[in-house]
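Note: hydrogens, waters and symmetry copies are ignored here, and every other heavy atom, side chains too, is used.
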Amino acid sequence: MYYISKYKDCWAIHNDDNGHSRKLTDQEVARAKQEFPVLKDL
């Protein structure tokens, strides 16, 4: 399962199956906030 995490210094996509994360680009963060408005409150 994948999920979006907000770390203290960035937003990242996290793969729960293998425990790895990848930092999201500014464009990806903006798109995620557009798709999931609840992320704007974090």
Checklist outcome for this item: Minimal heavy-atom distance between S21 and H14, with the atoms involved, is OG-ND1, 2.8 Å

Item to check | Interatomic distance, R31 atom CZ to L24 atom CG [nearest 0.5 angstrom] | outcome: 13.0 Å

Checklist entry - Heavy-atom count around D26 CG within 6.0 Å, excluding the residue itself: above 12? => result no

Checklist entry - Do F36 and I13 share a hydrophobic cluster (ILVMFWY, side-chain heavy atoms under 4.5 Å, transitive)? => result yes

Item to check | Whether over 12 other heavy atoms sit under 6.0 Å from Q27 CD | outcome: no

Checklist entry - If two hydrophobic side chains count as joined below 4.5 Å and joins carry through other members, does V29 share a cluster with Y2? => result yes

Checklist entry - So how far is it from H20 NE2 to N15 CG, rounded to the nearest 0.5 Å? => result 8.5 Å

Next on the checklist: Counting C-beta onward and ignoring hydrogens, is there a side-chain heavy-atom pair between K6 and I4 closer than 4.5 Å?
Outcome noted: no

Item to check | Gap separating the CZ atom of R22 from the OG atom of S5, nearest 0.5 angstrom | outcome: 12.5 Å

Checklist entry - What closest approach, in Å, do K40 and K33 show between heavy atoms, and which atom pair accounts for it? => result CE-O, 3.4 Å

